[in-house]
Amino acid sequence: MKRKPLSNDRPAIQKSIKIQLPEGRLGLRLALVIVLIALAVGSFALGINSIFSTEAGLAEVSALSGEMNAGESFTFYYYLGYDGTNATDERRILRSLYTEAATDALELFGADIESETVGLCYISRHPNEDIEVGQALYSAFELLEESGTRYHYLAPLYAQYHALCSSQSDVEAAQYDPRLDAAQGEFFARTAAFASDEGSVDIELLGEGRVRLSVSEEYLAFAQENGISSFVDLGWMENAFIADYIAGALIEAGYTRGALISDDGFMRCLDGETGTEYSFDFSHREGNTVTNLATLHFSGSVSLACLRDYPAAGSGAAGYYQYEDGSLRSSYLDTADGLDRCCVPELCGSSFDTGCAGLALKLAPLFIAGSWDAEALEMLEIAGITVYYTSNGALCSTADA
């Protein structure tokens with residue numbers, strides 16, 4: 001018997017895009033018209049006439065095929081030839097740059113990607129050693145430390161949830177489910193206890209680009225006994241860090257007329273120059289039904305992050321599993337016990353100052369919780385992060401408070 005999929009009642013949306021020539025601080029002026037934020041990757045209304053066009057205009061730029069990179073999880077749109085540059089040449093250069101950045105990002109932030117690059121995989125396999133890392137990875141560790149969260153130490157549990165969400169039947173999924181299998185429940189509880197304990201596992205920032213993954217003898221013994229080889233994994237946050245890395249590479253190279261969208265809810269819009277206006281939908285789950293509540297039109301240099309306990313339309317179901325009885329499992333794990341836990345179906349945020357990773361780390365403690373904390377929203381708005389959520393089936397925004 002097949003699992004009952006989430007139904008999506010969203011109406012078909014006509015794709016359209018509005019292009020305006022820059023006029024002074026047009027990007028800023030247009031950014032001010034944002035009143036609602038909605039993030040559903042599958043319904044971006046970009047209205048591109050031809051994603052393979054080499055004529056001047058907005059087009060999709062894909063990473064080179066055959067390369068192992070993060071490009072498969074992202075869609076990258078760019079306004080080619082805007083300043084008179086040959087669109088064909090610009091696309092060729094951009095594709096090479098994007099592929100290189102997407103490759104480097106995956107090697108850095110992919111917990112199971114073995115390569116010559118010193119990334120998360122290398123660090124996990126060299127505990128209790130002083131390791132020199134690049135600036136991008138060091139900055140990521142700084143951001144994680146500043147957040148005060150410890151989601152990235154749940155590495156062994158993310159691997160188990162990946163297997164759960166990849167299951168082909170309820171019987172198979174139950175074998176990995178800590179809520180349904182007693183042995184798994186015990187393993188999750190013990191692993192979460194290690195992950196939440198700074199004395200058991202912690203990344204020490206030693207300065208001058210050096211870090212040390214400190215792992216206690218007790219945790220090392222537990223890891224060996226249970227076949228654990230990874231101690232650090234960004235899990236559901238991975239594409240947030242990758243989006244920021246790729247965006248940084250594009251900005252550094254001077255390419256700032258595009259938008260980068262991951263298939264799991266993270267976006268970096270770099271376009272503060274052309275006045276291009278984008279639109280997409282905010283979805284809401286009620287039981288097994290997913291609907292759209294609002295459509296946003298926005299422009300400017302903005303970052304967005306949307307956390308959901310269900311897969312977005314058009315994004316596939318990676319990271320989620322639904323049982324026959326409708327029960328959902330996701331990879332948003334609570335450090336308290338390692339179980340997946342979301343207090344609301346979806347939570348989105350936007351900022352003109354904070355990147356995707358920063359947004360994810362700010363939203364996570366609100367989302368991965370046993371109860372909703374509305375009072376915490378005010379502090380995020382003060383910090384320049386606008387939060388979008390639902391109440392009684394209606395879309396709410398801290399910008400309206």
List the atom of Y158, the atom of D233, and the distance in Å for their closest heavy-atom pair. CE1-O, 3.5 Å

Could you verify whether a donor N or O on one side chain and an acceptor N or O on the other, from S139 and Q135, lie under 3.5 Å apart? yes

Is there a donor in the side chain of Y323 and an acceptor in the side chain of D177, or the other way round, less than 3.5 Å apart? yes

I need the minimum non-hydrogen distance between F222 and N226, along with the two atoms involved. O-ND2, 2.8 Å

Provide the closest heavy-atom pair for L359 versus G349 in the form atom of the first, atom of the second, distance. CD1-O, 3.8 Å

Any non-hydrogen side-chain atom of L94 less than 4.5 Å from a side-chain atom of F76? yes

Using a distance-only test with no angle check, is there a side-chain donor-acceptor pair under 3.5 angstrom linking Y388 and T398? no

Is it true that Y151 and Y153 have ring centroids separated by less than 6.0 Å? no

Under a 3.5 Å cutoff, is there a donor and acceptor pairing between the side chains of Q184 and Q160? yes

Sole candidate of Y176, F194, Y161 that passes ring pair (Phe, Tyr, Trp, His ring centres under 6.0 Å) when paired with F188: Y161

Are the aromatic ring centres of F141 and Y138 under 6.0 angstrom apart? no

Look up atom NE2 in H162 and atom OH in Y321, then write down how far apart they are to the nearest 0.5 Å. 14.5 Å

Review item, side-chain donor-acceptor pairs of residues 105-123, under 3.5 Å, at least two apart:
unit_1: E107; atom_1: OE1; unit_2: T117; atom_2: OG1; d: 2.7
unit_1: S115; atom_1: OG; unit_2: T117; atom_2: N; d: 3.2

Which residue pairs satisfy the salt bridge (Lys or Arg N to Asp or Glu O under 4.0 Å) criterion with at least one member in residues 336-357, sequence neighbours excluded? R179-D340, D334-R341, D337-R341

Is a salt bridge present between R212 and D130, judged by a nitrogen-to-oxygen distance below 4.0 Å? yes

Please determine which of R91, E90, E60 meets the side chain to side chain contact (heavy atoms under 4.5 Å, CB included) test together with Y78. E90

Starting at OG1 of T103, measure out to OH of Y98 and round the result to the nearest 0.5 Å. 10.0 Å

Check D202 with R150, please: is the shortest side-chain N to carboxylate O separation under 4.0 Å? yes

If you measure from CD1 on I242 to CE on M237, what distance do you get to the nearest 0.5 Å? 12.0 Å

